[in-house]
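I have placed the structure first, in the form of structure tokens, so that the comments after it can refer back to it.
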Amino acid sequence: MLYSVYIHSGDDSHAHGVTFPDFPGCFSAADDWHQLPAMIQEAVEVHFHGENATIPAPTPLGDLLANPAYQGGAWMLVEIDLSKVSSKPVRLNISLPESLVHDIDAAAKSQHLTRSGFLAQAAMKAMR
């Protein structure tokens with residue numbers, strides 16, 4: 001889905017900052033302009049990770065242009081792949097050796113995570 005993001009231009013000492021009007025509290029940055037789309041996608045995925053939130057529809061750019069909070073920078077329209085945003089948990093049934101389940105539970109507890117949260121993080125790390 002195509003979203004408007006606001007870019008705060010950087011310089012030799014500062015990265016380009018990104019503000020997401022449709023996702024309050026979500027932000028990103030990149031040193032080079034060509035890195036922005038990937039960093040924007042990653043920021044949205046992290047922002048909504050583990051939440052069962054309704055992702056808002058994009059605000060029309062025309063509605064954003066008049067906002068005085070967005071002056072002195074640039075607008076960028078970015079395609080965000082919402083299929084990669086984990087907003088709805090899916091229940092599944094898997095089988096693992098009992099000793100592994102005990103080890104997973106101990107590791108999850110030590111990191112203050114649920115079993116599901118621990119397995120989701122481990123899976124994402126393995127796929128990177």
Side-chain angles (χ1 to χ4, degrees):
M1 188 163 290
L2 202 59
Y3 281 87
S4 301
V5 296
Y6 188 73
I7 311 298
H8 309 269
S9 296
D11 55 31
D12 291 340
S13 303
H14 301 90
H16 305 295
V18 180
T19 300
F20 298 77
D22 293 311
F23 310 135
C26 185
F27 58 90
S28 187
D31 291 327
D32 297 313
W33 285 92
H34 72 276
Q35 295 172 322
L36 284 171
M39 299 304 289
I40 288 167
Q41 177 68 39
E42 180 180 318
V44 173
E45 290 175 29
V46 169
H47 183 71
F48 287 105
H49 177 72
E51 292 190 22
N52 191 10
T54 301
I55 299 169
T59 301
L61 181 57
D63 294 352
L64 298 169
L65 291 173
N67 188 328
Y70 305 114
Q71 301 300 317
W75 287 100
M76 185 174 186
L77 295 174
V78 180
E79 184 69 33
I80 296 177
D81 184 354
L82 295 179
S83 71
K84 295 182 177 181
V85 177
S86 58
S87 63
K88 181 181 175 189
V90 176
R91 183 178 269 304
L92 59 112
N93 185 15
I94 62 171
S95 297
L96 298 170
E98 185 176 11
S99 62
L100 178 58
V101 172
H102 290 297
D103 291 344
I104 290 169
D105 289 344
K109 184 177 179 180
S110 74
Q111 296 178 34
H112 306 288
L113 295 170
T114 63
R115 180 189 295 159
S116 293
F118 179 83
L119 291 172
Q121 283 187 1
M124 287 187 294
K125 184 178 179 181
M127 291 184 291
R128 284 189 194 140

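Scope of the values below: all heavy atoms of this structure, side chains included, with no hydrogens, waters or symmetry mates.
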Looking at [X] and [Y], what are the two nearest heavy atoms and their distance?
X: Pro21; Y: Leu64; answer: CB-CD2, 3.8 Å
X: Ala30; Y: Ala15; answer: O-CB, 3.5 Å
X: Gln121; Y: Leu113; answer: OE1-CD1, 3.5 Å
X: Glu79; Y: Gln41; answer: O-OE1, 4.1 Å
X: His47; Y: Pro24; answer: CE1-O, 3.3 Å

Distance check, rounded to the nearest 0.5 Å: [X] atom [atom1] versus [Y] atom [atom2]?
X: Cys26; Y: Glu45; atom1: SG; atom2: CD; answer: 10.5 Å
X: Leu61; Y: Ser4; atom1: CG; atom2: OG; answer: 4.0 Å
X: Gln35; Y: Asp32; atom1: CD; atom2: CG; answer: 4.5 Å
X: Leu2; Y: Ile80; atom1: CG; atom2: CD1; answer: 8.5 Å

Any side-chain heavy-atom pair of [X] and [Y] under 4.5 Å:
X: Met76; Y: Pro37; result: yes
X: Pro58; Y: Met1; result: yes
X: Thr19; Y: Val5; result: no
X: Val18; Y: Met39; result: no

Can you classify the ring geometry of [X] versus [Y] as parallel (below 30°), tilted (30 to 60°) or perpendicular (above 60°)?
X: Tyr3; Y: Phe23; answer: tilted
X: Tyr70; Y: Trp75; answer: perpendicular
X: His16; Y: Trp33; answer: tilted

Legend entry - Verify same cluster id: Met127, Leu92 (apolar side-chain graph, 4.5 Å):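 Each belongs to a different hydrophobic cluster.
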
Inset, instruction - For atom CZ of Phe27, decide whether the heavy atoms of other residues, nucleotides or ligands shown that lie under 6.0 angstrom number more than 12. - result: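 Incorrect, the count does not exceed 12.
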
Legend entry - Heavy atoms of other groups near Glu98 CD, more than 12 under 6.0 Å: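 Open: at most 12 neighbouring heavy atoms sit under 6.0 Å from CD of Glu98.
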
Legend entry - Expected output: side-chain Gln111 to main-chain Phe118 donor-acceptor under 3.5 Å: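 No.
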
Inset, instruction - Might you work through the side-chain contact (heavy atoms from CB on, under 4.5 Å) test for Val85 and Val44, ending with a clear yes or no? - result: CA-CA 7 Å; Val85 177; Val44 173; 3.8 Å; yes

Below 3.5 Å, can you tabulate the donor-acceptor pairs from side chains in residues 101-110 to any protein atom, sequence neighbours excluded?
{"unit_1": "Asp105", "atom_1": "OD1", "unit_2": "Arg115", "atom_2": "NE", "d": "2.7"}
{"unit_1": "Asp105", "atom_1": "OD1", "unit_2": "Arg115", "atom_2": "NH2", "d": "3.2"}
{"unit_1": "Asp105", "atom_1": "OD2", "unit_2": "Arg115", "atom_2": "NH2", "d": "2.7"}
{"unit_1": "Ser110", "atom_1": "OG", "unit_2": "Ala107", "atom_2": "O", "d": "2.8"}

Inset, instruction - Could you tell me whether Tyr6 and Phe20 have their ring centroids closer than 6.0 angstrom? - result: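 When the ring centroids of Tyr6 and Phe20 are compared, they turn out to be at least 6.0 Å apart.
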
